[in-house]
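Quick notes on the structure that follows.
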Protein chains: 2
Amino acid sequence: MARKKQTDDQRAARREEILDAAMHVFETQGGIAAVSFRNVAAKAGISYSAPYRYFTDKDDLLNALRARAFRWIESEMKQAMKSKRSATAKLEALARAYVTAGVSCPDRYELMFFELDNTDIARNSLELRAAKNDALGVCTDVIIEGQESGAFSDHLDPLVASHLFWTGAHGLVSLEVSGQFVMGCTIDQLIAPLFQTLQSQILNSENQDSHTIAANG
Amino acid sequence: MARKKQTDDQRAARREEILDAAMHVFETQGGIAAVSFRNVAAKAGISYSAPYRYFTDKDDLLNALRARAFRWIESEMKQAMKSKRSATAKLEALARAYVTAGVSCPDRYELMFFELDNTDIARNSLELRAAKNDALGVCTDVIIEGQESGAFSDHLDPLVASHLFWTGAHGLVSLEVSGQFVMGCTIDQLIAPLFQTLQSQILNSENQDSHTIAANG
DNA sequence: CTTTTTTGTTGACAGTGTTAATTTAACAGT
DNA sequence: ACTGTTAAATTAACACTGTCAACAAAAAAG
């Protein structure tokens, strides 16, 4: 029994070793394109087919890498929040940290969102789903905190509100990272108005059901 | 001269033929993964290396396909706008059409944004860049129209404003298409508050420089 | 008609993901 | 210690892929 347990640990350690190698290849060899079983195995010092004992698929391996990336961006957000006290400040810090992290590490961001080999979310490993939920949870928690303290309006479900922030942040990073902002419009011009808009409109109680927008005059 | 022009047309026609074959493979064989030179060439009835006379790269071929996709989503937006008169109605119709198109054709949307083999935008074909600009231009033009008619505030550059809309719409579609909305939050819950927010806050003149958001109370 | 340029074909190379067969190593039971 | 059993790791092989070089066919230019 104890024996069995130990071999499980060893197994997990080996898996982690392979993941380390994969991460190293990913970071140093130029992103996702460089991550092949043969490449990773070579870096880990094992034969090219050995990783199949630890990952069913290439997608399985990539999912594990994705999970790491989500944990990383989660920690970036938490780090940026640490010095802030109010929910408003936390929310802004978190959002800016997300964008900064994504923009400054485009390879990781690409890994997280731009490789949907199989859209089959059911195949998403529990590991990845958990990491993703935890990352989004950072935002959701701050919004809950703000609503409970009365700093934010509660006319929106915290989950919906955090999804809205995520949508904005992801749209920003995604378009920037894939080089879509052209014609003299930079991401720096967009960050402020976007988050300002999201904060004021979503977290304030006014205008919560004005479906048609009146022209100003 | 006329002779020369005609052979150019023939060449362009062949190129279009190959693109048609590529599009067919893309649509019927399961998206981007199925588009290989060999596959496309087989569908076009030529040998597997012949497309190299018309496309320098696989990326070159994909760029041409991407251009078609952008033209398509542009026409979808214009179609949806046709019945609308006011700039406000046009803007809403355009935004919804963009989201609907993207969500209902995830393969095409993936093609447009999720395959940045080379982030080198300089290599983006003129064809693609033009198609992209035209698609975004639909939104920019409506905003200009709204600003000129006084329906929208002009405190934002129309280009920046349209980029903001694009950011929101793309964030929405991108997250939806890659299956990120989980835990009981659907895209339908997000569309209305997001666009309502963008419209009212960005296109109204109030709150244009309230950098810190006051707590409501 | 000859020469040159443009198209299309085939063969080849270096990779890839993945599976099957096979060897190596570590454990359990007697 | 010698089994038998099970897991781990390796190698060979298959069916692909993008890409290029060598070559044949055809068309255009002179």
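Letters A, B, ... mirror the listed sequences (proteins, then strands); counts begin at 1.
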Practice problem: Please work out which of the three classes, parallel, tilted or perpendicular, describes the rings of A/F37 and A/Y52, given edges at 30° and 60°. | Solution: tilted

Exercise. If the plane angle is over 60° it's perpendicular, under 30° parallel, otherwise tilted; pick one for B/H170 and B/F113.
Key: tilted

Quiz item: Think B/R53 has a side-chain N or O under 4.0 angstrom from the OP1 or OP2 of C/dT9?
Solution: no

Quiz prompt | Per-nucleotide protein contact string for nucleotides 13-18 of chain D, where B marks a base within reach and S marks sugar-phosphate only (heavy atoms under 4.0 Å, - for neither) | solution = B---BB

Quiz prompt | Nearest atoms (heavy-atom pairs only) where B/S174 meets B/Y109 | solution = N-CE2, 4.2 Å

Self-check item: N/O donor-acceptor pair, side chain B/S49 with base D/dT19, under 3.5 angstrom
Solution: no

Quiz item: What is the nucleic acid contact for B/Y54, judged by heavy atoms within less than 4.0 Å: base, sugar-phosphate only, or nothing?
Solution: sugar-phosphate

Quiz prompt | N/O donor-acceptor pair under 3.5 Å between A/Q189 side chain and A/T186 backbone | solution = yes

Quiz prompt | Taking every non-hydrogen atom, the tightest pair across A/S162 and A/T140 | solution = OG-OG1, 3.0 Å

Quiz prompt | For B/A87 against B/V142, the heavy-atom pair lying closest together | solution = O-CG1, 3.5 Å

Quiz item: Where is the tightest heavy-atom contact between B/I143 and B/F165, given as atom of each residue plus distance?
Solution: CD1-CD1, 4.4 Å

Quiz item: Counting side-chain heavy atoms from CB outward, which of D/dA9, C/dT9, C/dG8 is closest to A/A50?
Solution: D/dA9

Quiz item: Can you give the dot-bracket line for DNA chain D, using ( ) for pairs inside the strand, [ ] for pairs that cross earlier ones, | for pairs with another strand and . for unpaired bases, where Watson-Crick and G-U count if both distances are under 3.5 Å?
Solution: |||||||.|||||||||||||||.||||||

Practice problem: Rounded to the nearest angstrom, tell me the gap between atom CG in B/D59 and atom C1' in D/dT19. | Solution: 14 Å

Quiz prompt | Length of the CG-P vector between B/L61 and D/dT19, whole Å | solution = 10 Å

Self-check item: Integer-rounded Å distance: D/dA28 C1' and B/Q10 CD
Solution: 12 Å

Quiz item: Hey, is CZ on B/R15 packed in by over 12 heavy atoms from elsewhere, all under 6.0 Å?
Solution: yes

Practice problem: Give the rounded distance in Å between these two atoms: CZ of A/F55 and C1' of C/dT19. | Solution: 19 Å

